Amino acid sequence: MLFALNPSAGVPVYLQIMQQVRHAIDTGVLQHGDVLPGIRTLAQELVVSHNTVAKAYSELQHEGLIEMRHGSGAFVLARHRSTPDTETIRLAQQRVRTLVASLRRDGISENAIRRLIEAELLIALPARSPTPR
Amino acid sequence: MPDTHVIETHQLTKRFGDFHAVEALDLNVRSNQITGFLGRNGAGKSTTIKMLLGMTHPTSGTGALLGRSIDDPRANREARRHVAYVAEDKQLYGYLTVEELIRFTRSFYADWRPDVAARLLATYQLPPQRKVRALSKGMRTKLALLLALSRQPELLILDEPSEGLDPVGIEELLQTLVGAASEGTTIFFSSHQLPEVERIADRVCIVDHGVLVEDFALDALREDYRRITFGFAAAAPDDELLIPGIRRVRRAGRQLSLVVSGNAEAVAARGRSMNAVTVDVAPISLREVFLESVQDDA
Amino acid sequence: MMLWYKAWRESRVRFLASSVALAVICASFVFLHRDVSPGMSDEPLTYPVYIWHITYKGYLRELFLFLTIFLGLGGLTRERDLHTIGYTLALPVSRFRLLAVRSAVGAVEVVLLATLPAILLPVLSPLVGQTYPPSQAWGFAILWATVGTLTYAMGLLASVLFGGEFTAPVAACSGLLGYSLLADMSGAKRYLSDIHDVMSGLDMPYFTEQTGLLSGPLPWATLLAVTLGTALLVVIGLCVTNRQDF
């Protein structure tokens with residue numbers, strides 16, 4: 001993986017490394033199982049202190065993005081992918097809660113709400129089926 | 001790994017007649033780090049290093065190298081077994097060949113690693129039969145590094161190591177230092193090449209006129225140090241801005257330029273409360289901090 | 001110990017050049033004696049007297065003394081000028097050891113130079129139909145070796161005290177000259193011997209000028225005093241070195 005580091009940017013270099021690794025994982029440039037160089041190797045390649053690389057790797061491991069292996073660098077864990085789903089579901093949950101609460105306030109019964117939502121999903125269904133290209 | 005101090009000085013002073021080369025220096029260099037030692041020419045960097053190595057006798061004050069007092073020649077000698085030094089001029093015995101000098105150096109150190117020496121000899125492409133006086137400065141630097149690193153010293157002290165090297169040579173030097181540091185050698189080096197120091201150092205100490213004026217981690221520089229510029233429509237306020245974190249204040253017309261080592265939000269807020277019409281907060285480079293630290297006449 | 005090797009390498013050229021110079025001049029004195037000898041005095045000189053005049057009292061003596069001072073040069077002060085001092089003093093060895101080893105190597109070299117004439121004169125003289133007794137040559141060798149190490153120590157001390165390529169030898173030679181002048185002053189004659197005369201035997205009870213031969217027991221007391229003087233100079237050099245700032 002290639003890094004673009006700026007030692008004078010007002011951001012600690014270890015954070016810059018972390019940000020760039022995170023971004024690479026998010027965009028798929030780094031994928032599950034990809035190997036990152038060992039601390040010493042990367043430090044020499046980037047010409048930065050090994051403490052900087054060690055801190056970046058340690059924090060990334062703490063966040064569950066990579067896993068360090070003794071002597072053979074680090075492996076990317078793309079478990080990161082699942083997190084957006086959980087987050088999205090959680091936010092969707094809140095929106096549904098708000099909508100149901102407001103419909104109830106307007107006097108619509110629970111059965112009516114259920115029928116309205118199902119009807120909406122049935123209408124939307126054909127649009128969601130995969131169309132061959 | 002316990003954080004010990006590889007170098008400690010307490011009120012270390014060296015005067016040459018009226019000239020105060022080093023004045024009441026309290027230096028602390030931690031192990032397992034790369035520490036940059038900055039200062040203008042004549043600020044006392046070389047003198048400090050020479051006192052640590054027993055080459056120069058302090059006028060007063062004390063110091064310890066790898067925990068051993070520098071005032072005791074025997075203790076200092078014992079410490080030097082684990083310290084490697086690359087001097088400013090990197091001059092080595094011109095009348096010996098590369099191979100002879102390696103054999104000479106090897107005889108003094110029990111922890112010599114011939115496999116590392118052989119590898120470095122090949123990597124640096126040093127001709128073993130050539131006399132040292134016939135080597136270019138770049139090759140002499142590499143030879144000096146080879147002699148230092150074939151021992152796996154606890155501490156590597158370098159005085160202006162990139163002096164006389166071309167950009168490729170400097171890059172190779174930095175890679176070597178980073179590599180050595182990652183294998184456990186603590187690095188303490190003085191340099192005028194601020195961008196290079198900014199890249200590889202974990203910590204920086206700045207001396208000016210023999211006195212320590214700054215001692216900070218580079219990550220602190222990046223995270224906390226800021227240059228804050230206030231612009232005022234009326235005259236810039238005269239009163240002292242007594243907020244913790246302000247290191248330097250400069251006035252220019254209706255503007256105030258501050259260097260803060262922390263508390264940037266509080267300082268910015270204070271500026272607004274003093275009716276600053278423009279408040280600009282920006283990161284500050286090592287070069288700027290250095291110039292600010294040494295420009296004032298102490 | 002590699003320090004011995006370093007001291008040898010640093011003095012090697014001077015030592016070999018000095019040896020060659022002394023050897024060549026010595027040999028030329030022998031081979032040219034028929035041409036040179038008559039011009040030296042009105043009456044014909046016997047071979048031993050000729051040799052004594054030209055070697056032990058003459059030019060060779062001055063050259064030898066100068067070369068011993070020359071051998072004393074170098075050391076840490078010189079390394080400071082050459083900028084290798086950082087490397088040397090960072091080595092885990094004491095300054096005492098550095099100077100002691102250098103002194104020892106130099107002293108051995110001086111002794112070897114002093115014995116050169118002792119080897120050459122008896123060996124070469126028969127080639128021109130003359131003889132020179134080895135016992136004489138060795139006697140002078142002892143005198144020369146002893147005094148030579150003193151002048152060597154002067155050069156050594158000068159090299160410790162003064163930097164620069166020329167200051168040290170000039171200082172040492174001046175010191176030597178000063179001592180000779182002092183010793184020649186009539187009042188001092190009772191206490192100090194001019195070391196030049198110790199070397200040549202001039203006006204000394206152990207030497208007869210008529211025959212040009214050593215005739216009595218060597219002045220062991222004087223030689224001991226000279227050796228103590230040498231030791232003193234070296235000790236001063238060590239003390240100064242330990243206190244110096246590089």
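Since the model is a prediction, treat every value here as computed from it, not as a measurement. Values below: all heavy atoms of this structure, side chains included; hydrogens, waters and symmetry mates excluded. Below, chain A is the first sequence line, B the second, and so on; all start at residue 1.
A distance of 6.0 Å or more separates the ring centres of B:Phe37 and B:Phe189. Aromatic ring centres of C:Tyr87 and B:Tyr85 lie farther apart than the 6.0 Å criterion allows.
Each of B:Phe104, B:Phe16, B:Phe108 has some count of heavy-atom pairs under 4.5 Å with chain C, and the biggest count is that of B:Phe104. Per-residue counts of heavy-atom pairs under 4.5 Å with chain B were compared for C:Leu76, C:Thr88, C:Ile85, C:Thr84; the largest is that of C:Thr84. Between chain B and the options C:Ser94, C:Pro92, C:Ala90, the largest number of non-hydrogen pairs under 4.5 Å is found for C:Pro92.
In this structure, the portions of C:Phe246 lying under 4.5 Å from any heavy atom of chain B include both its backbone and its side chain. Of the two parts of B:Thr105, the backbone and the side chain both hold a non-hydrogen atom closer than 4.5 Å to a non-hydrogen atom of chain C. Heavy atoms closer than 4.5 Å to chain B are found nowhere in C:Val13, neither backbone nor side chain. Residue C:Arg12: no heavy atom, backbone or side chain, is found under 4.5 Å from chain B. Contacts between B:Ile49 and chain C at a heavy-atom distance below 4.5 Å are absent for every atom of the residue. Residue contact with chain C, scored on non-hydrogen atoms closer than 4.5 Å, is absent for B:Lys90.
Rounding to the nearest 0.5 Å places OG1 of C:Thr151 at 12.0 Å from OH of C:Tyr179. In this structure, C:Trp220 CH2 and C:Leu223 CG are separated by 6.5 Å, a value rounded to the nearest 0.5 Å.
Ion pairing between B:Arg103 and B:Glu100 fails under the 4.0 Å rule for side-chain N and carboxylate O.
The closest donor-acceptor contact from the side chain of B:Arg68 to the backbone of B:Arg80 lies at 3.5 Å or more, if one exists at all.
Heavy atoms from other residues, nucleotides or ligands lying under 6.0 Å from CZ of B:Arg40 number 12 at most.
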